[in-house]
Amino acid sequence: MKNIIMFLSFVIYATLIFFIDSYVMLCIVFLINIVAMIYFKTKIIGTIESIIKLLPFILVTVVINWLLANYTYAFMVAIKLILVCHITYIYAKTTTVKGIANTVKNLCMPLKLLKINPEDIELLVCISLSMLPIFKREYHQLKEACSAKGIAINVKNMKVILTKLLVSIMKRVNEIEASIIEKGYEGTS
């Protein structure tokens with residue numbers, strides 16, 4: 001129940017940030033984020049690094065809003081995105097993959113009325129979230145292999161690169177499938 005409350009609080013809080021139109025309220029949200037960061041003992045350096053990684057996305061969004069609206073609105077959107085990214089980082093660092101999957105399963109319990117198994121959904125979420133670091137690692141290994149061979153990663157070579165990446169990912173998926181079958185999981189296919 002604690003995970004569900006934390007998840008729903010996170011979703012509602014992150015959504016409400018986008019409805020704020022006052023810089024004073026955004027400062028209060030920033031202070032709430034800082035308190036949450038201290039309470040959950042999240043590292044400041046990791047938080048800053050995660051926001052820096054997302055800066056290209058934030059900057060593109062700011063430029064688009066600046067062109068379509070005005071610079072004050074674009075600046076407000078940038079602040080909101082940074083605050084949402086910050087609280088998302090805190091949530092991600094304080095919750096495990098299994099915790100998120102369990103929360104989704106509990107939220108999907110009403111689907112039993114439609115004869116949908118929430119345990120299947122939990123398994124899918126768990127596998128999906130666990131695959132993200134594998135995708136990232138596979139991509140970096142492929143990128144290093146291409147640079148070692150002198151192959152540039154560009155649009156011209158993308159077909160070959162994506163093919164190799166997808167083959168590698170499919171091998172991982174087959175390994176996971178074999179592991180699940182060996183552990184005796186019987187899906188409802």
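Treat the numbers as computed from the prediction; the structure is a model and nothing was measured.
Here the straight-line distance linking atom CG of Leu142 with atom OG of Ser147 works out to 9.5 Å at 0.5 Å rounding. A distance of 4.5 Å separates CG in Leu123 from CD1 in Ile180, rounded to the nearest 0.5 Å. Atoms NE2 and CD1, from His86 and Ile32 in turn, are 12.0 Å apart once rounded to the nearest 0.5 Å.
Inter-residue side-chain proximity for Ile127 and Ile176 is flagged as met; some heavy-atom pair is nearer than 4.5 Å. Residues Asn3 and Thr95 form no side-chain contact, since every pair of their non-hydrogen atoms from C-beta on lies 4.5 Å or further apart. Counting heavy atoms from C-beta on, the side chains of Phe57 and Val60 never come closer than 4.5 Å.
Listed here is the closest heavy atom pair of Ile161 and Ala152: CD1-O, 4.4 Å. The shortest non-hydrogen separation linking Val84 to Ala14 is CG2-O, 3.7 Å. Between Lys80 and Leu26, the shortest heavy-atom distance links the atoms CG-CD2, 4.0 Å. Pairing each heavy atom of Ile58 with each of Cys85, the nearest pair is CD1-SG, 4.5 Å. Closest approach of Asp21 to Met76, counting heavy atoms only: O-CE, 3.6 Å.
No continuous path of ILVMFWY side-chain contacts below 4.5 Å connects Phe19 to Leu83, so the two sit in separate hydrophobic clusters. Note on Met6: it does not cluster hydrophobically with Tyr89, by side-chain heavy-atom contacts below 4.5 Å among ILVMFWY residues. Tyr39 is connected to Ile90 through a chain of hydrophobic side-chain contacts under 4.5 Å among Ile, Leu, Val, Met, Phe, Trp and Tyr, so both are in one cluster. Both Phe75 and Ile82 are assigned to one and the same hydrophobic cluster, defined by single-linkage of ILVMFWY side chains at heavy-atom distances under 4.5 Å.
In this model, a donor atom of one side chain and an acceptor atom of the other lie less than 3.5 Å apart for Tyr13 and Asn33.
A distance-only check finds no donor-acceptor pair linking the side chain of Asn102 to the backbone of Lys98 [under 3.5 Å]. A donor-acceptor contact shorter than 3.5 Å is absent between the side chain of Asn65 and the backbone of Tyr73. Judged by distance alone, the side chain of Lys105 and the main-chain N or O of Pro118 form no donor-acceptor pair under 3.5 Å. A donor-acceptor contact shorter than 3.5 Å links the side chain of Thr47 to the backbone of Lys43. At distances below 3.5 Å, not a single donor-acceptor pair connects side-chain atoms of Ser179 with backbone N or O atoms of Glu175. When atom types are taken as modelled, the side chain of Thr163 and the backbone of Lys159 share a donor-acceptor pair closer than 3.5 angstrom.
Between Phe7 and Tyr91, the angle of the ring planes lies from 30° to 60°, which puts this pair in the tilted group.
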